[in-house]
Structures are given as C-alpha cells and as structure tokens.
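Structure, as structure tokens:
Note that ligands are numbered from 1 as they come in the structure, with each ligand's atoms numbered from 1 the same way. Side-chain atoms are counted along with the backbone in the values below, which use heavy atoms only and exclude waters and symmetry mates. All values reported here derive from a predicted model rather than from experimental measurement.
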Amino acid sequence: MSQHSQRKDDHLKLAKMLFFSSHNELNQVHLMRPVLPEIALSDISLTIKLFNKIVSAPFFINAMTGGSANAEVVNRRLAQAAAKENIAMSLGSASILEKEPKQLNSFLVARQENPHGFLFANVNPNTSPKTAAKIVKILSADALQIHLNVLQEIVMPEGDRNFHWLDNLKKIQDSVEVPVILKEVGNGISKKSLAFLKSNGFEYIDIGGSGGTDFATIENNRREKNKLNFIDDLNLSTAKCLLGAQENPPEILISSGGITTSMDIFKSLILGADFVGIANLFLQHADSTTNLIQLIQQLKSELTTLFAIFGISDFSSLSNIDYYLDSALFNYFKQINTKKVD
Ligand code: FNR
C-alpha cells in the first residue's frame, strides 16, 4: 500500500477513535422558544435547494475519504444512505488520483451508488486546475470543495511547507464548471479570513470550526516524536466562526465542526448557516448502510420537531428566533465586532 493510501486508512481509524463529545461551543448558545408556535408538524418541510439540486434536508455528509480499499467500503455505504435519504454527500480529497489513478474506484463508487444525488468532489489547494476539472468531470460532481488545512499540513511530517495557495485557488475556480466551496477541516475560519476570501471572489464557504474532528490531534497521533501540541491553541470553535460570519456572510455559509445532534444543526441555521456539514458522526455509524439511514432519519425527524417547537415553516423565518449567549461567547462576539477587521 502506498504511503498516501496508508494515510487515508490511518485517518479513518484515528478519526473514529479520537472523536469525543463536542466542544464546538454551540452549547453556549441558548434559544428562546415562542409559547404559541402556531404550526402543525405537517406544515414543515426540510426540503431545500442546494445549487442545482433539491435535497431533503439542510445537512449533508461532509468530506471524509477515498483512496484505499477501506475507503471504498465506507464511501459505498455513505453513498447508499445519501441516495436513499436524498441528502448531499462529499467525498474525501481526490488529489491522490494525480499520482495514483488506480484509486479512482474508491471515489467513483459514490457516484455509481447515487447516480442522481448531490455529490461534492474535494481536492487540496495545490491540485492543478486541469486535474481539478478532470476530477469534477469523472465523478459528475455537482460542486467542488477545496480544503484549506494549514494546521494539518504543518503537523504532518510529509505535509506541505509552501502555503502560496491563493493564485491556484482562483485558477481552479476559473477552470471548473461547478461552484467551488472553500472549507476548513476543523480548525475554523475567522471573521477577517472570511472577509479576505470573499474579497477574492469566493462566496461559498464552509467555516469548518473546531469542536469535533481535530486533524492537529490526529496528525500528532501519527507522529512518533516531536508532537506539535502547541497548535491546539489556535482553534476557533464552530459557534465563534458562525458569529464571526454574521456581519458580512458569504452567499452560502456552511456550518461544520463537531456537529453531532439535531440541536447543533438547528442552532447553526439560526446563527446564519445555510447548510450544515457532518463528518465524523457519520463515520461512527458507517459500520452499515442501515445504521447510516437510521441516523439520517433520526436527525430529520428531530429537526422537524425543533422547527415545530419554534414555529418555523420556512427557512427564511429561522432568523427571527431570539437567542442569548453565555458570557464567554458574548465577550468574544463584542470583541470581534468592535475591532475593525478589513
Ligand atoms: C475528514 N475531513 C476532510 N476534509 C476535507 O476537506 N478533505 C478530506 O479529505 C477530509 N478527510 C477527512 C477524513 C476523516 C476520517 C474525517 C473524520 C474528516 C474533515 C471533515 O470534512 C470536516 O471538516 C471535519 O471532520 C470536521 O467535521 P466533524 O468531523 O467534526 O463533523
């Protein structure tokens, strides 16, 4: 097995093992419920348009894997569940295909199992625009995610050491015919960085906050010595990223990072997210397609219940829900909004 394929398997194993309960700080956000919601459960639909396709819920399976035999098994199950429930799904980084084209099946399986569903392809920021366009075409991807994972690369002994990424990101966006989403991988995007990405023409952003899968920890676990634990201090939680996006949101804002419950999804939407990405929670249930389907159905049913409790019949009324923040989060919110960021 190649070093790259081995890394994909290590990620699956370590991410599954190191996933613990959420510190995404959404528990510091408290919702205020109307006493008279004036709604019936039958009035509620979670159906929503994601770029070119209608999906059955505002949450999706975020990028995880591809590039090994194990990855193929996981992608098959994820894709079967996504197809059955009509939720969107992202594949893990396909940049491995530049050097190892024989790994294509571990990605292609997702399209084969889900020919009509919404599928995101995913590449790293160094991928050549030509390869990115080829990957989108081969997978018939509906959109392309590009991960911005500086901290992960730094901790990886074999990771990137050159972070001149912006020009290539723009070139990829110009070369592919589908929307491009820039995403963090669980370390968060600050208010200032978000404004910078927007000013460079990127309007679809997944804030990828901390509180769930933490690649600094995962990569530190793969290191035998010289662990770079000091990097943990640089994380920005999902709740903080969402608050940071409120003043000047991108056209499509995606919340992710430590999303494990329907309440996390609901709070993300109320804080301003248009969609919510969930990775590791799905990995925890990926021992069978049936378990994945049950999880998706449970999240949908609970989210519908939350919409009912709060009298939400359409997504636009989510912004009317009042909430308050615990003092630590409120303090952060005040600080980022008094400091000029652009
Ligand atoms: C990931 N993630 C990820 N992201 C990405 O853009 N490309 C990738 O190839 C991968 N690979 C990957 C493997 C595994 C096993 C996991 C669990 C995650 C990151 C993922 O999409 C997400 O941003 C983070 O995991 C945070 O979300 P959760 O896991 O806390 O819901």
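Nearest-heavy-atom check against atom 24 (C) of ligand 1 across T238, I259, V185 picks out V185. Closest heavy-atom approach to atom 9 (O) of ligand 1 among the candidates G211, G188, S93: S93.
Within 6.0 Å of NZ on K53 lie more than 12 heavy atoms contributed by other residues, nucleotides or ligands. In F163, the CZ atom is crowded: over 12 heavy atoms of neighbouring residues, nucleotides or ligands sit closer than 6.0 Å. Heavy atoms from other residues, nucleotides or ligands lying under 6.0 Å from NZ of K227 number more than 12.
L292 CG to F282 CZ: the interatomic distance, rounded to the nearest 0.5 Å, is 7.5 Å. Atom CG of residue L169 and atom CG of residue L197 lie 8.5 Å apart, to the nearest 0.5 angstrom.
Within the 4.5 Å cutoff, no side-chain heavy atoms of I254 are placed close to those of D274. The closest side-chain heavy-atom distance from L151 to L228 is not below 4.5 Å. Looking at V276 and L269, their side chains come closer than 4.5 Å, going by heavy atoms from C-beta outward. Counting heavy atoms from C-beta outward, I48 and F315 have side chains that approach closer than 4.5 Å.
The closest approach between any non-hydrogen atom of Q145 and ligand 1 is not below 4.0 Å. Ligand 1 lies out of reach of T65, whose nearest heavy atom is not under 4.0 Å from it. For the pair F215 and ligand 1, a heavy-atom separation below 4.0 Å is found.
Between F266 and F310, the ring planes lie tilted relative to each other; the angle falls in the 30° to 60° range.
Within the listing of ligand 1, atoms 15 (C), 17 (C) sit less than 4.0 angstrom from a heavy atom of A15. Heavy-atom proximity to N280, at under 4.0 Å, picks out these atoms of ligand 1: 28 (P), 29 (O), 31 (O). For ligand 1, the atoms sitting less than 4.0 Å from at least one non-hydrogen atom of N122 are 5 (C), 6 (O), 7 (N), numbered in the order shown with element in parentheses. Residue contact check: G258 has heavy atoms under 4.0 Å from atoms 28 (P), 30 (O), 31 (O) of ligand 1. Those atoms of ligand 1 that come under 4.0 Å of a heavy atom in G212, given as number and element, are 30 (O). Every atom of ligand 1 is numbered from 1 in the order shown, and the set under 4.0 Å from a heavy atom of H11 is 15 (C). The atoms of ligand 1 that sit less than 4.0 Å from any heavy atom of G92 are 9 (O).
Contacts of A63 with ligand 1, taken as heavy-atom pairs under 4.0 Å, involve both backbone and side chain. Counting heavy atoms closer than 4.0 Å to ligand 1, residue E184 contributes backbone atoms (N, CA, C, O) but none from C-beta onward.
At least one N/O-N/O distance between A279 and ligand 1 falls below 3.5 Å. On a distance-only criterion, K183 and ligand 1 share at least one N/O pair closer than 3.5 Å.
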Notebook entry, point to check: After noting the C-alpha distance and the side-chain angles of L97 and Q103, does the key distance pass the side chain to side chain contact (heavy atoms under 4.5 Å, CB included) rule?
Noted result: CA-CA 6 Å; L97 297 177; Q103 299 292 352; 4.0 Å; yes
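Of the protein's non-hydrogen atoms, M64 O, 3.2 Å is the one closest to atom 12 (C) of ligand 1. T213 OG1, 2.4 Å is the protein heavy atom nearest to atom 29 (O) of ligand 1.
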